[in-house]
Amino acid sequence: MANPLIRRYQYPLLRPPQVWIYGIIYLSAVALILIVNLMFFAKETILVNEEPWKLFRNLHIQFAIFQFILLWILAPYNVSTVISGEMLQKSYDFTRLLPLSARQKIAGIVMGRNLVIFFMAAVNFLFFLAFGLAGQLSLPILAEWVLFLLSISLLFCLLALLMSMHPTKKRGNFFVPMLALIFCFGFPYFLIVLHESFEGKTANVLFYCWQIPSLLLISGFALYFAGWAFLGGLRWFTKEYDPLFSPLGAIVFLVLYLVLVLGLFYPYFLSQRSMESYPERIFFGFWMFGLIAVGLLPVGARKTYEKYLEMSRLCSPSKLSVCWLLRRSNLMLAAVLYLLWVCFCSYACWFGPIPISLFLVFAAVMGTFFCVLILLFETSITLSPVYPKLGYLTGFLFILYLFLPYILAALFEIDFLTAFSPLGYFNYAYEHYQEGMPVSPAILNIFFCLMPGRLVLLRYSQIVAMRKGLSSDSPLTVAAS
């Protein structure tokens, strides 16, 4: 408890008038689970002569669900409300100025805000392990489960903290809808894995050439993303107004991410049966996972207009130019990320029946879609000081660009029109890749790039002209002349 942030949250959470309330709630829940299961088991034993170990496995599963609620829902939710709560109490600036390192602040918030939850989870793990062993489950399976629960909880807590940063008074808690999505889509898979555990087995997954238990593989991916979320938190607490990723950090993240995703698809690339049965699922699946990261990373690594001004101030006027600014812009980073994706996917094409020339045509056309989206995004950033509400228009154009072709295709009953949307083109190429990749959407995309591209270059030239004008009017320059 040397961390002052943990001590700060300890006092209101562990006060005697409140501790006994938490204790009664937890003990009542545990007692209810035990009593209901004992009564149900007694009834089943009389009717069908159930074996005792099945009772313990049922209890093991129910305490696993209890851990799911504690560690994956309640703990992240508590973390997600810290920053907004500090703002409400007008103590956020005090928290920021505490003489603590960024690591201590993150640990203090995550641990301190969840002292009661983590204590309940620790007790819960004792029941979880005891009933698992009594239910004839092996120690390796139980260890995999413990790592699985803790790694996902760590990831969610760090993501909750990351999403609660950049606080404003009008902004809601974005992690609440994310929790709803996690519960809707993650809970069914959680129950499937629980059912496998009930049978006393875990599925193995091929990762490159190694057989790895699925729980361990998911835990490894969760720890990878949790590590980057932790680095993002460190970056926020040390460089508050910088983007989540540095350009180098975004590139390293994408390379490592693609290496991990390639490990999942690599066994299918080598499987002759898979290549003959459903090659499009394998290759388009790998392409899609990469494109998702390529599309999201420029948002996390975006430079603001103020950052461009700061960069131009640090450059000498003789070297400053539109090309110099372009090389350090969001556009250049997006282009590098896209080319990295193209390189990894081109390497994957060597393993299968889809020729690399076909993929390069697909990548070129998808690249034009990417250019339209990234230019709209950069236009919104560079013009935001002049038009503060331009982001709303950009968001509307994004939605229109994605879904208007689907509306027109349904209206005119022409399926090919969906190919003029980035989502529709991907789906159309997936279904008709054997007929060749259509290139006509690229022509329209190039036309769409002209106006935002011109606006972005105009703003870059204004930054350069303004900075050179300020440097020429400085007292040192005037004295020298």
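The first residue of the sequence shown is numbered 1, and numbering continues consecutively from there.
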Solution key, residues 382-390 side-chain donor-acceptor pairs under 3.5 Å, sequence neighbours excluded:
unit_1	atom_1	unit_2	atom_2	d
T382	OG1	E378	O	2.9
T382	OG1	T379	O	3.3
S384	OG	I381	O	2.8

Between N445 and Y401, is a side-chain hydrogen bond (donor to acceptor under 3.5 Å, both in side chains) present by the stated rule, with each step listed? CA-CA 10 Å; N445 288 333; Y401 188 58; 2.5 Å; yes
Name each donor-acceptor pair under 3.5 Å that joins a side chain in residues 23-33 to protein atoms two or more places apart or in another chain, with its distance.
unit_1	atom_1	unit_2	atom_2	d
Y26	OH	N124	N	3.3
Y26	OH	N124	OD1	2.9
S28	OG	I24	O	2.6

Are the aromatic ring centres of F56 and F127 under 6.0 angstrom apart? no
Give a yes or no on whether F119 atom CZ has more than 12 heavy-atom contacts from other residues, nucleotides or ligands under 6.0 Å away. no
Among V342, L262, I356, the one residue meeting side chain to side chain contact (heavy atoms under 4.5 Å, CB included) with Y347: L262
Kindly give the heavy-atom pair with the smallest separation between F283 and F351, and that separation in Å. CZ-C, 4.4 Å
Sequence neighbours excluded, the answer for salt bridge (Lys or Arg N to Asp or Glu O under 4.0 Å) partners of R235 is D242
Derivation and outcome, side-chain contact (heavy atoms from CB on, under 4.5 Å), residues L264 and Y208: CA-CA 7 Å; L264 295 176; Y208 286 105; over 6 Å; no
Among W287, F370, F289, F359, find the residue that satisfies the ring pair (Phe, Tyr, Trp, His ring centres under 6.0 Å) test when tested with W341. F359
Taking the side chain as every heavy atom from C-beta outward, state whether Q62 and F66 have any atom pair closer than 4.5 Å. no
Would you name the heavy atoms of L234 and A102 that are closest together and state the gap between them? CD2-CB, 3.5 Å
Donor-acceptor side-chain pairing of Y308 and N330 below 3.5 angstrom: yes
side-chain contact (heavy atoms from CB on, under 4.5 Å) between F253 and Y224, worked out: CA-CA 10 Å; F253 176 89; Y224 170 75; 3.6 Å; yes
Please step through side-chain contact (heavy atoms from CB on, under 4.5 Å) for the pair V252 and W228, ending with a clear verdict. CA-CA 11 Å; V252 172; W228 280 98; 4.0 Å; yes
Would S101 and F237 count as a side-chain contact (heavy atoms from CB on, under 4.5 Å) if you check the C-alpha gap in whole Å, the side-chain angles of each, and the deciding distance to 0.1 Å? CA-CA 8 Å; S101 66; F237 281 115; over 6 Å; no
Proximity of F63 and F125 rings by center, below 6.0 Å: no
Is there a side-chain hydrogen bond (donor to acceptor under 3.5 Å, both in side chains) between R281 and Y268? Walk through the geometry before answering. CA-CA 10 Å; R281 296 184 190 177; Y268 297 100; over 6 Å; no
For residues L297 and L254, determine if any side-chain heavy atom of one lies less than 4.5 Å from a side-chain heavy atom of the other. yes
